[in-house]
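Take a look at the structure below.
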Amino acid sequence: TFDGLYATGHYQAGTYDVLVQAPGYFPTTAAGIVLQNGQVTVLDVELDPMVPFVLEGVVLESGTLAPVPNAQVMAEGTMLTYTATADANGAFTLPAVFADSYTITAGQWGWRTTCATGQVIDDNTPPLQLLLDSGYYDDFVLDFGWSEATTSSSGDWERALPVGTDYQGDACNPEADATSDCGAHAYVTGNGGGGAGDDDVDDGATVLSSPVFDPTGLILPAVRYERWFFNDGGQGGPNDQLVVSLTNGTDTVVLETVTTSASAWVASQFVIDDYLIPSTSMRLIVSAADNQPGHLVEGGLDLFEVVATGFASVPERNGSGIALWPNPTHGTFTVSIPEGAALVEVVDLQ
């Protein structure tokens, strides 16, 4: 509690080591504590306070080292989480930080989020330099300002740690986000937990819209994402849908209408030129709707990004002595360079 009092219990008598920790204090372990059935053991523990310090840093674009203005920075420790917004020069300050092991995450719309786990931070840590690759990407560990609108009575889109529900043994709302990203957040519809019908989309639609993005500088740009859709129960056969659309600010087209229920994250990719003329003011729009008569409806979105699917040709450099094999490859490969070569950078078609 706030006054330091605590109480706990254990179902089995015995001798235990008791770990006591609190934010801002060094943890301590009381060893050899004997617990006996029917007896209350009083254990008073003194914790030594940590001395807080200021952690500073800067968020820069990879390659150019240009500042990333208004970048979001998050430091997640074992007990405390700190957040900051960088200034116009990419500089940020985290005040009153305590020594710990942190996951450092940085991102901004128009750049790819980066995260590094197991970063030991203390008062001797120099200012951080966090580098972001340019490009539109969102795994929703940070809030980049997607907007929600709804006509449904429940089940609105929300950025959250997914709380799983199930219906007759099948996952209804996802229990976890899509894999291979920073953090564990996703956009999901109705995240209240409980039974499958407690907070699903009901009696209408809930619509999620991305911030504006500009893919015009990419060769054959495409939108890529992972989506979740579950539809079951209710009266009669399920008749609901998840609709993913794309707008260039003038025209809007449907990329896919999902009617098949799947208790899984499904990856999708669409080349923009196949549907619309790319513009500087594009948005992705995702709508989950519960049509009459009502059924269980849950949707999800994660790992959104805009990628180039084409590539520019480059001339072969003969006589360099550099070799790479096998090419193409989807796994391990070997690079051979002559003695004295300084740097080899290997890239894929993206």
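All values reported here derive from a predicted model rather than from experimental measurement.
Cluster partners of V40: none. The rule joins Ile, Leu, Val, Met, Phe, Trp and Tyr whenever side-chain heavy atoms lie under 4.5 Å apart, and it links nothing here. The hydrophobic side chain of L5 is isolated, with no ILVMFWY side chain under 4.5 Å apart from it. When hydrophobic residues (I, L, V, M, F, W, Y) are linked wherever their side-chain heavy atoms come within less than 4.5 Å, V34 remains an isolated member. Grouping Ile, Leu, Val, Met, Phe, Trp and Tyr residues whose side-chain heavy atoms lie under 4.5 Å apart, directly or via other members, places V20 in a hydrophobic cluster with Y6, Y16, V18, Y25, I33, L35, L43, V45, L47.
S154 and D199 form no side-chain donor-acceptor contact under 3.5 Å, judged by distance and modelled atom types alone. Inspection of the N231 and D240 side chains reveals an N or O donor paired with an N or O acceptor under 3.5 Å.
With sequence neighbours excluded, the residues forming a salt bridge (Lys or Arg N to Asp or Glu O under 4.0 Å) with R112 are E305, listed by chain and number. Remark: D200 engages D202, L296, E298 in a side-chain contact (heavy atoms from CB on, under 4.5 Å) (not counting sequence neighbours). When the side-chain contact (heavy atoms from CB on, under 4.5 Å) test is applied to V58, the partners found at least two apart in sequence or on another chain are L60, Q129. Evaluation of the salt bridge (Lys or Arg N to Asp or Glu O under 4.0 Å) rule for E56 yields no partner, not counting sequence neighbours.
The two residues L218 and P221 come nearest to each other via the heavy atoms O-CD, 3.5 Å. Pairing each heavy atom of S134 with each of E61, the nearest pair is CB-OE1, 3.8 Å.
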Could you pull out all donor-acceptor pairs under 3.5 Å where a side-chain atom in residues 161-175 meets a protein atom, sequence neighbours excluded?
| unit_1 | atom_1 | unit_2 | atom_2 | d |
| --- | --- | --- | --- | --- |
| T165 | OG1 | N173 | N | 3.0 |
| N173 | ND2 | V163 | O | 2.9 |
| N173 | ND2 | N191 | OD1 | 3.2 |

Atom pairs and distances, donor-acceptor, side-chain atoms in residues 80-100, under 3.5 Å, two or more places apart:
| unit_1 | atom_1 | unit_2 | atom_2 | d |
| --- | --- | --- | --- | --- |
| Y82 | OH | A96 | O | 3.4 |
| Y82 | OH | F98 | N | 3.3 |
| D87 | OD1 | N89 | N | 2.8 |
| D87 | OD1 | G90 | N | 3.2 |
| D87 | OD1 | A91 | N | 3.0 |
| D100 | OD1 | T78 | OG1 | 3.1 |
| D100 | OD2 | T78 | N | 2.9 |
| D100 | OD2 | T78 | OG1 | 2.7 |

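Residue pairs meeting the salt bridge (charged side-chain N to carboxylate O under 4.0 Å, His left out) criterion with at least one partner in residues 249-266, sequence neighbours excluded, are R227-E256. Screening residues 263-288 for salt bridge (charged side-chain N to carboxylate O under 4.0 Å, His left out) gives no qualifying pairs among residues at least two apart or on separate chains.
Between F144 and F213, the ring center distance fails the sub-6.0 Å criterion. Remark: aromatic rings of W146 and F140 are close, center separation under 6.0 Å. For W111 and Y137, the distance between ring centers is not under 6.0 angstrom.
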